[in-house]
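Everything below concerns the one structure shown next.
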Amino acid sequence: MAQNPRDVGISWRACTCASVRRAIGASMLAFVLASMLSAAAPSAAARPVQAAAVAGDDANTCKQASGDVAIAACTRAIATGRYAGHDLAKLHYDRAVEYANKGDYDRAIADFSSAIHLDPTDADTYNDRGAAWLAKGENDRAFADFSEAIRLNPTDPYYYNNRGSSWQLKGENDRAIVDYNEAIRLNPKDPCPFYNRGIAWSSKDKNDRAISDFDEAIRLNPNYAAAFYRRGIAWTDKGDYDRAIADHSAAIRLNPKADGFYARGTAFGMKGDNDRAISDFDEAIRLDPNDATYYRNRGKAYAAKGNRDLAILDYSEAIRLDPNDDDTFYSRGTAYGMKGDNDRAMADFDEAIRLNPKNDGAFNNRGNVWRRGGDNDRAIDDYSEAIRLNPKDPSYYNNRGNAWHARGDDDRALADYDKAIRLNPKNAAYYNNRRDAWLAKGDLARAIADANQARRLGSDNPN
């Protein structure tokens, strides 16, 4: 079975909105040119008149063209020295937009900063520099720019949407929602803040509200692949795997990205359909062979099918790509343990615990390895730590009870079996194990009662 999809922050990130003057970047809403640069008055001399005409042509090309052609024209126009103030700021702004579209955010920010120096009252430029900072991962600087844009123009919904994204990256989901609410109030026909607010609700485990917002985003834009993807994750969190699969399929149809296949594979795994899960993980890996998560979860699907050798191969590749993930070492150690390779299992559990001393499952499974090797004292120590970290898992008490029983301490074994049964009264193995402890103490009546209860639950085999 695969785990829930991680909260994807890159491929399906919160959408940010640029100003309404010029298209900027794939992650921002498209917008059109709304104002024109004014040309400087030409000189009366023959040569300067021609130069002014060229400069005017470059200024027009700067604002109307795109890509390298626009950048070159902007650069030539700036170099003439004929522009100042607002007009020069516009040239820097337009060149910044083109640099941002090329992914050259450092140069984009430099030009946005020049434009702000020349015209510090233009809210759009702060907003768009904020978007460039956000693309660089400089969230604090992005937040400051979005806030300044709002101060200069508190009626633009895009600015609130973008600051909401910054709040979200800070982990301030409640404040993000306040900004998204304002963006929606100002422009209820934009799907972007509904989508972003849905992500914030999901982060707060408010999946019904998240789904409602993703519904609205999809209603406003039926081709919104990211909204289908995020709604699918919310359905997975609610345990409605069929709806999750339907949404992920829609996202894949609209935009066949690796994360979409991964998320659908996860939902298939949750349903126990490991063959389809593996098929989707295969495609995710084909599209992005460098993501350790995909290998790790395909390994889990193979393990669920009982194919531990293939599981170990995938876990090993995941570890090569990301040697700092404790869960992968834990999973590979579990697979080695199931194969009876206790030395390798022990080494992996040791590493999982080193990477994350709060990994209760690694302590429990390392305890199993100790117990299989006959070292019940060390097994008890590991089971006790697993219980301290997660006192609500009945299997840990059951396992420690088995170690106490193996040591001949049946009173402590019975106390642990009692606790395991209180936490999960429908596990037949726990009753069978307690039966054995009662037999060891010579209490035949209680042993028979536990054996009968185990049979009623459908198993006659101790754990």
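Of all the heavy atoms in Ala244 and Gly232, the pair that sits closest is CB-O, 3.3 Å. Closest of all the heavy-atom pairs between Ala311 and Gly299 is CB-O, 3.2 Å. Considering every non-hydrogen atom in both Gly401 and Ala413, the closest pair reads O-CB, 3.3 Å. Here the shortest heavy-atom pairing between Thr293 and Asn297 reads O-ND2, 2.8 Å. Taking both residues in full, the closest heavy atoms of Pro289 and Tyr295 are given as O-OH, 3.1 Å, listed atom of the first, atom of the second, then distance. Shown here for Tyr397 and Pro391, the closest heavy-atom pair between the two residues is OH-O, 3.0 Å.
A salt bridge does not link Asp416 to Lys419: none of the charged side-chain nitrogens sits closer than 4.0 Å to a carboxylate oxygen. Under 4.0 Å is where a charged nitrogen must lie from a carboxylate oxygen, and between Arg230 and Asp247 no such pair does. Of the charged side-chain nitrogens involved, at least one lies within less than 4.0 Å of a carboxylate oxygen, so that Asp375 and Arg378 count as a salt-bridged pair. A salt bridge between Asp288 and Lys257 is absent, with no side-chain N of the basic residue lying under 4.0 Å from a carboxylate O of the acidic one. Comment: Arg296 does not engage Asp314 in a salt bridge, judged by the lack of any side-chain N to carboxylate O separation of less than 4.0 angstrom. A salt bridge does not link Asp377 with Arg371: none of the charged nitrogens is closer than 4.0 Å to a carboxylate oxygen. Between Glu351 and Arg354 there is a salt bridge, since a side-chain N of the basic residue sits under 4.0 Å from a carboxylate O of the acidic one.
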Please walk me through it: do Tyr417 and Asn402 pass side-chain hydrogen bond (donor to acceptor under 3.5 Å, both in side chains)?
CA-CA 9 Å; Tyr417 294 141; Asn402 289 340; 2.6 Å; yes
Please assess Trp404 against Asp410 for the test side-chain hydrogen bond (donor to acceptor under 3.5 Å, both in side chains), listing each intermediate value before the final yes or no.
CA-CA 6 Å; Trp404 287 123; Asp410 287 302; over 6 Å; no
Please evaluate residues Leu134 and Ser166 with respect to the criterion side chain to side chain contact (heavy atoms under 4.5 Å, CB included), reporting the C-alpha separation (whole Å), side-chain torsions for both, the decisive distance (0.1 Å), and the verdict.
CA-CA 8 Å; Leu134 206 61; Ser166 279; 4.0 Å; yes
Check against side-chain hydrogen bond (donor to acceptor under 3.5 Å, both in side chains), Asn161 and Asn196
CA-CA 8 Å; Asn161 175 76; Asn196 287 345; 2.9 Å; yes
Under the criterion side chain to side chain contact (heavy atoms under 4.5 Å, CB included), I'd like the reasoning laid out for Ile278 against Lys305: C-alpha separation, chi angles, the key distance, then a yes or no.
CA-CA 10 Å; Ile278 289 167; Lys305 284 172 60 68; 3.5 Å; yes
After noting the C-alpha distance and the side-chain angles of Asp327 and Lys300, does the key distance pass the salt bridge (Lys or Arg N to Asp or Glu O under 4.0 Å) rule?
CA-CA 11 Å; Asp327 182 58; Lys300 290 182 179 182; 2.8 Å; yes
Show the numbers, then the answer: is there a side chain to side chain contact (heavy atoms under 4.5 Å, CB included) between Glu148 and Asn127?
CA-CA 8 Å; Glu148 181 63 11; Asn127 176 71; over 6 Å; no
Verdict with reasoning, Asp242 to Lys271, per side chain to side chain contact (heavy atoms under 4.5 Å, CB included)
CA-CA 8 Å; Asp242 289 330; Lys271 285 192 65 174; 2.6 Å; yes
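At least one donor-acceptor pair under 3.5 Å links the side chain of Tyr180 to the backbone N or O of Ser165. In terms of modelled atom types and a separation under 3.5 Å, the side chain of Glu182 and the main chain of Tyr160 share no donor-acceptor contact. Side chain of Asn274 to main chain of Ala277: no donor-acceptor pair is present (N/O by atom type, distance under 3.5 Å, no hydrogens or angles).
Side chains of Tyr431 and Pro425 form a contact here, defined as non-hydrogen atoms less than 4.5 Å apart. For the pair His248 and Asp280, the minimum side-chain heavy-atom distance is 4.5 Å or more. A 4.5 Å side-chain heavy-atom check between Tyr158 and Asp190 finds at least one atom pair inside the cut-off. Looking only at side-chain heavy atoms (C-beta outward), Asn376 and Trp370 stay at 4.5 Å or farther from each other. Using a 4.5 Å heavy-atom threshold, the side chains of Tyr294 and Asp259 count as touching. Residues Asn101 and Glu98 meet the side-chain proximity criterion, which asks for heavy atoms closer than 4.5 Å. Counting heavy atoms from C-beta on, the side chains of Lys204 and Ile177 come closer than 4.5 Å. In this structure the side chain of Phe146 never reaches within 4.5 angstrom of the side chain of Tyr159, judged on heavy atoms.
Side-chain rings of Tyr224 and Tyr195 approach one another, their centers coming within less than 6.0 Å. The distance between the ring centers of Trp133 and Phe143 does not fall below 6.0 angstrom. In summary, the aromatic rings of Tyr93 and Phe112 are positioned with their centroids under 6.0 Å apart.
A distance of 11.0 Å separates CD1 in Ile285 from OH in Tyr262, rounded to the nearest 0.5 Å. Atom CD1 of Ile421 sits about 14.5 Å away from atom NZ of Lys426, to the nearest 0.5 Å. Here the straight-line distance linking atom CD of Gln168 with atom CG of Asn173 works out to 5.5 Å at 0.5 Å rounding. For the atom pair OH (Tyr99) and OH (Tyr105), the distance works out to 15.0 Å, reported to the nearest 0.5 Å. Here CG of Asn255 is found 11.0 Å from CG of Asn223. Values are rounded to the nearest 0.5 Å. Summarising the geometry, atom CD1 belonging to Ile319 is positioned 3.5 Å from atom CZ belonging to Arg332; distances are rounded to the nearest 0.5 Å.
For Lys170, the NZ atom is densely surrounded, since the number of other residues' heavy atoms within 6.0 Å is greater than 12.
With sequence neighbours left out, Asp208 forms a side chain to side chain donor-acceptor pair (under 3.5 Å) with Lys238.
No option in Ile184, Leu186, Asp179 other than Ile184 meets the side chain to side chain contact (heavy atoms under 4.5 Å, CB included) test with Pro193.
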Indicate every side-chain donor-acceptor pair of residues 359-366 with a distance under 3.5 Å to a residue at least two apart or in another chain.
unit_1	atom_1	unit_2	atom_2	d
Asn359	OD1	Gly361	N	3.3
Asn359	OD1	Ala362	N	3.0
Asn359	ND2	Asp326	OD2	2.8
Asp360	OD2	Asn390	ND2	3.4
Asp360	OD2	Tyr396	OH	2.4
Asn364	OD1	Asn399	ND2	2.9
Asn365	ND2	Thr334	OG1	2.9
Arg366	NE	Asp382	OD2	2.7
Arg366	NH1	Asp350	OD1	2.8
Arg366	NH2	Asp382	OD1	3.0

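Of the N and O atoms on the side chains of Asn368 and Tyr383, at least one donor lies less than 3.5 Å from an acceptor on the other residue.
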